[in-house]
Q: 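Got a structure for you, questions after.
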Protein chains: 2
Amino acid sequence: MSGDRRVRRTRRMIREALVALILEKGYEAVTVTDLIARADVGRSTFYAHFTDKQDVLLSNLDELAFLRPAPAGGPGRLFAFSLPMLEHVREQERLVRALLGRRGGGPVHAHGERLIADLVRDELLAAGARASAALDLLVVCVVGAFMGLLRAWVDGETTASPAELDAAFRAAVEPGVRAVLPRP
Amino acid sequence: MSGDRRVRRTRRMIREALVALILEKGYEAVTVTDLIARADVGRSTFYAHFTDKQDVLLSNLDELAFLRPAPAGGPGRLFAFSLPMLEHVREQERLVRALLGRRGGGPVHAHGERLIADLVRDELLAAGARASAALDLLVVCVVGAFMGLLRAWVDGETTASPAELDAAFRAAVEPGVRAVLPRP
DNA sequence: TTCGTAACCGAACAGGTTGTTCGGAATCGG
DNA sequence: CCGATTCCGAACAACCTGTTCGGTTACGAA
């Protein structure tokens, strides 16, 4: 482990406090004063580690590393990221609900959107699509559909399983995507 | 016109000030003090008309009435709302950019999402789809794709025309949607 | 174990924002 | 023209933020 034990402890306390408080009141309503009270940490200590509420939020992003590209496996199946990601989301339910839902305040959602957009774009290019403005718009649609499902689940609008969500995602966008790919 | 001229004037001033300020600094950064300064309105006056910053934001929603269902025309073409809506968006560029973009702070976006979701769901049911959990997930995907395009345009990520956006939308989701509809 | 150092505490502070109150002035509609 | 409504604006308490600083505590290296 890197650094002082006290540092790790403090940072962990604060990060966990934020997750808990977001789940209770939503990101907007959480104040730094709330945070340090819940984390039981001195005020000056907080500002020694983070600059902001949002800084804490983004520091949690490392824990959402499942948003990272899996080494593109065989070209057999499109959107290989989908199911594993959805399953991982269900495991990390608390964290994801706090950071990615409507109550979790945009920035994390935006970050995830960009990450997945890159993922999808690379995958489509690898599958033989031609880079173009039209392709970028297609990527926007695909990512929008996926993030929509994620948000719906996170916000409790559906109780579908990861497999069902994955199936819905594919059913919605795969036919449209196949049309821009060359025959295999 | 309904009510006192002073009232209309005041409310209009405040609403316009909010739009201007959002375009300058983003929704988050706008304070009530900013608002009343820009609108040139007394502090007590503001709170006599609105409870919140967000209250002003939502009061602008009436101006976004184009998000309302157009009387479903012939069953010929799916997603009849798409192109007219996108065109109307381009006309109201300033307002839409302020309220619907990443800088415009979630609530309006969320509201629009719900509105369009109802629109899409009704249209699919009218076209012969069976109500089911799977259909709801499909609707989520379709709306996600559309809102994604809208957001991309609002945030300046694309310079595509309404017609191009409409085409991209249809290309992405129509094939998947057709699959759940009975033969015409 | 010892010891120097790094981290933490917590109170206090200035600056800013929010939402309310109230008497007096201005403006409206009839 | 006049009564009623609305607006003004200053003042206020309450809250939140981000910083400072002297004193205390916990760490880990030797």
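In the text below, chain A, chain B and the rest are named by the order of the sequence lines, each starting its count at 1.
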Q: Go through residues 9-24 of chain B and report each residue with a non-hydrogen atom lying under 4.0 Å from DNA chain C, sorted by number.
A: none

Q: Give the nucleotide from the list D:dT19, C:dA7, C:dC9 with an atom nearest to the side chain of A:Thr45.
A: C:dC9

Q: For residues 117-126 of chain A, pull every pair meeting side-chain hydrogen bond (donor to acceptor under 3.5 Å, both in side chains), keeping only residues two or more places apart or in separate chains.
A: A:Arg121-A:Asp136

Q: For a quick test of your reading: what N or O donor-acceptor pairs under 3.5 Å do the side chains of residues 18-26 of chain A make, sequence neighbours left out?
A:
from: A:Glu24; atom 1: OE1; to: A:Arg38; atom 2: NH2; distance (Å): 3.1
from: A:Glu24; atom 1: OE2; to: A:Arg38; atom 2: NH1; distance (Å): 3.2
from: A:Glu24; atom 1: OE2; to: A:Arg38; atom 2: NH2; distance (Å): 3.2
from: A:Lys25; atom 1: NZ; to: A:Ala29; atom 2: O; distance (Å): 3.4
from: A:Lys25; atom 1: NZ; to: A:Asp34; atom 2: OD2; distance (Å): 2.7

Q: Considering just the side-chain nitrogens and oxygens of B:His49, establish if one lies under 4.0 Å of OP1 or OP2 belonging to D:dT6.
A: no

Q: Could you check A:Tyr47 against B:Phe46 and say which one's nearest nucleotide on DNA chain D is further toward the 5' end?
A: B:Phe46

Q: Can you give one letter per nucleotide of nucleotides 20-30 of chain D, 5' to 3': B if a protein heavy atom sits under 4.0 Å from the base, S if only from the sugar-phosphate, - if neither?
A: BB---BBSS--

Q: May I ask you to check if A:Arg90 and A:Trp153 form a cation-pi contact, with NZ or CZ under 6.0 angstrom from the six-membered ring centre and within 45° of the axis?
A: no

Q: Considering residues at least two apart in sequence or located in another chain, which fulfil the side chain to side chain donor-acceptor pair (under 3.5 Å) criterion with A:Arg11?
A: none

Q: Show every donor-acceptor pair shorter than 3.5 Å between a side-chain atom in residues 154-162 of chain A and any protein atom, with sequence neighbours excluded, or say none if there are none.
A:
from: A:Asp155; atom 1: OD1; to: A:Arg102; atom 2: N; distance (Å): 3.2
from: A:Asp155; atom 1: OD2; to: A:Arg151; atom 2: NH1; distance (Å): 3.2
from: A:Glu157; atom 1: OE2; to: A:Arg151; atom 2: NH1; distance (Å): 3.2
from: A:Thr158; atom 1: OG1; to: A:Ala160; atom 2: N; distance (Å): 3.1
from: A:Ser161; atom 1: OG; to: A:Glu164; atom 2: N; distance (Å): 3.2
from: A:Ser161; atom 1: OG; to: A:Glu164; atom 2: OE1; distance (Å): 3.4

Q: Enumerate the residues from residues 25-37 of chain A whose closest heavy atom to DNA chain C is under 4.0 Å, giving them by residue number; use none for an empty result.
A: none

Q: For B:Tyr27, which residues count as a ring pair (Phe, Tyr, Trp, His ring centres under 6.0 Å) partner, sequence neighbours excluded?
A: none

Q: At what angle, to 10 degrees, do the two end axes of the helix from C:dT1-D:dA30 to C:dG30-D:dC1 meet, given five pairs define each axis?
A: 40°

Q: Would A:Leu86 end up clustered with A:Leu78 when hydrophobic side chains under 4.5 Å apart are linked, directly or stepwise?
A: yes

Q: Go through the structure and list residues passing salt bridge (charged side-chain N to carboxylate O under 4.0 Å, His left out) with B:Arg12, not counting sequence neighbours.
A: B:Glu16

Q: If you apply the rule side-chain contact (heavy atoms from CB on, under 4.5 Å), what do you find for A:Arg130 with A:Val180, and how did you get there?
A: CA-CA 8 Å; A:Arg130 308 279 304 241; A:Val180 307; over 6 Å; no

Q: Just do the side-chain contact (heavy atoms from CB on, under 4.5 Å) check on B:Leu119 and B:Leu115 with the steps written out, would you?
A: CA-CA 6 Å; B:Leu119 224 67; B:Leu115 236 49; over 6 Å; no

Q: Strictly by side-chain hydrogen bond (donor to acceptor under 3.5 Å, both in side chains), give each pair with a member in residues 167-177 of chain A just once, sequence neighbours left out.
A: A:Asp166-A:Arg170, A:Arg170-A:Glu174, A:Glu174-A:Arg178

Q: With side-chain hydrogen bond (donor to acceptor under 3.5 Å, both in side chains) as the rule and sequence neighbours excluded, what pairs involving residues 47-58 of chain A come up?
A: none

Q: Would you please classify the geometry between the B:Phe79 ring and the B:Phe81 ring as parallel, tilted or perpendicular, with 30° and 60° separating the classes?
A: perpendicular

Q: Nearest whole angstrom, please: distance from the C1' of D:dT17 to the CD of A:Gln54.
A: 15 Å

